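Computed from a predicted structure; not experimentally measured.
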Amino acid sequence: MKSKKFSAFLCAAMMLVSLLTPVMAAEGKEEIIDLGDGFYAVVTLDEGLMTRAGTKSGSKSAKVYNGSTVIGSATLVAIFDISGRTAMATDAGITGSGQNGWTYDHGTTRLSGNKAYGTACFKSGSTTKSLPLTLTCSPDGTIS
């Protein structure tokens with residue numbers, strides 16, 4: 001009986017890995033955003049999965065640097081409705097954390113059509129640095 005349970009578990013695990021493989025291939029796309037004054041961000045896209053029929057999620061995560069020092073990180077997550085002729089952003093949230101004397105001060109999000117916008121703000125003393133992130137979804141569910 002243990003053999004049947006293990007075989008069923010192994011089969012389910014293999015199916016899960018095969019379903020996630022195309023998503024993992026979309027991950028890892030990095031872009032650099034110049035934030036000025038020696039600050040920049042390294043941004044990675046994660047296309048996510050279909051969460052339910054007609055809905056797609058995605059996220060962008062970024063590490064923010066001042067020269068070679070990491071000052072913080074932030075992640076914008078959004079959900080899109082792709083059940084119609086066009087994609088529509090339906091929900092978004094942003095989180096972050098500070099490092100090396102910097103704090104994550106706050107974040108804001110807004111939705112417009114097929115785009116979700118987020119801004120993460122970092123602070124050290126009287127210096128603040130804002131990181132803008134945008135997620136866009138096409139009608140076929142492609143996140144960029």
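Remark: side-chain polar atoms of K123 are not paired, donor with acceptor, to backbone N or O of Y104 under 3.5 angstrom. Side-chain N or O atoms of T90 include one that pairs as donor or acceptor with a backbone N or O of I79 at under 3.5 Å. When atom types are taken as modelled, the side chain of Y117 and the backbone of T108 share no donor-acceptor pair closer than 3.5 angstrom.
Residues T55 and I82 fail the side-chain proximity criterion, which asks for heavy atoms closer than 4.5 Å. Two residues are said to be in side-chain contact when any heavy atoms from C-beta on lie closer than 4.5 Å; K115 and R110 fail this criterion. Using a 4.5 Å heavy-atom cutoff, the side chains of E30 and V43 are not in contact. C121 is listed as a side-chain neighbour of T119, based on a closest heavy-atom distance under 4.5 Å.
Under a hydrophobic-cluster definition in which Ile, Leu, Val, Met, Phe, Trp and Tyr are linked whenever side-chain heavy atoms come within less than 4.5 Å, directly or via other members, I32 and V70 are assigned to the same cluster. Linking ILVMFWY side-chain heavy atoms closer than 4.5 Å, directly or via other members, places W102 and I33 in a single hydrophobic cluster. L35 and L133 end up in the same hydrophobic cluster when Ile, Leu, Val, Met, Phe, Trp and Tyr side chains are linked at under 4.5 Å. The hydrophobic clustering, which links ILVMFWY residues whose side-chain heavy atoms are closer than 4.5 Å, places I143 and V77 apart.
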Q: Any chance you could lay out the side chain to side chain donor-acceptor pair (under 3.5 Å) test for S144 and T136, step after step, and finish with the verdict?
A: CA-CA 5 Å; S144 59; T136 305; 4.5 Å; no

Q.
Checking F122 against V64 for the side-chain contact (heavy atoms from CB on, under 4.5 Å) test, could you report, in this order, the C-alpha distance in whole Å, the side-chain angles of both residues, the deciding distance, and whether it holds?
A. CA-CA 9 Å; F122 300 90; V64 181; 3.8 Å; yes

Q) Going through the checks in order, is the side-chain contact (heavy atoms from CB on, under 4.5 Å) test met by N114 and M88? A) CA-CA 4 Å; N114 68 333; M88 290 292 288; over 6 Å; no

**Q.** Residues T69, Q99; criterion side-chain contact (heavy atoms from CB on, under 4.5 Å); working and verdict
**A.** CA-CA 9 Å; T69 304; Q99 291 178 247; over 6 Å; no

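The distance from atom CG of L76 to atom OG1 of T95, rounded to the nearest 0.5 Å, is 9.0 Å. With rounding to the nearest 0.5 angstrom, the OG atom of S59 is 7.0 Å from the CG atom of L135. Put simply, OH on Y40 and CG on D34 are 10.5 Å apart, with the number rounded to the nearest 0.5 Å. Atom CG in L131 sits 10.0 Å away from atom NZ in K60 (nearest 0.5 Å).
Pairing each heavy atom of S124 with each of G101, the nearest pair is OG-O, 3.3 Å. Considering all non-hydrogen atoms of both residues, P132 and S130 come closest at CD-O, 3.7 Å. What you find for G141 and E47 is that their closest heavy atoms are O-OE1, 3.8 Å. Minimum heavy-atom separation, K56 to G48: CE-O, 3.6 Å. Scanning both residues, A87 and C137, for their nearest heavy atoms gives CB-O, 3.3 Å. L111 and A116 get closest at one heavy-atom pair: CD2-CB, 3.9 Å.
With hydrogens and angles left out, the side-chain atoms of S73 and S97 include a donor and acceptor closer than 3.5 Å.
Here the two rings, on F39 and Y65, have centers that are 6.0 Å apart or farther.
Here the rule is side-chain contact (heavy atoms from CB on, under 4.5 Å) with N66, and of T127, N100, I71 only I71 fits it.
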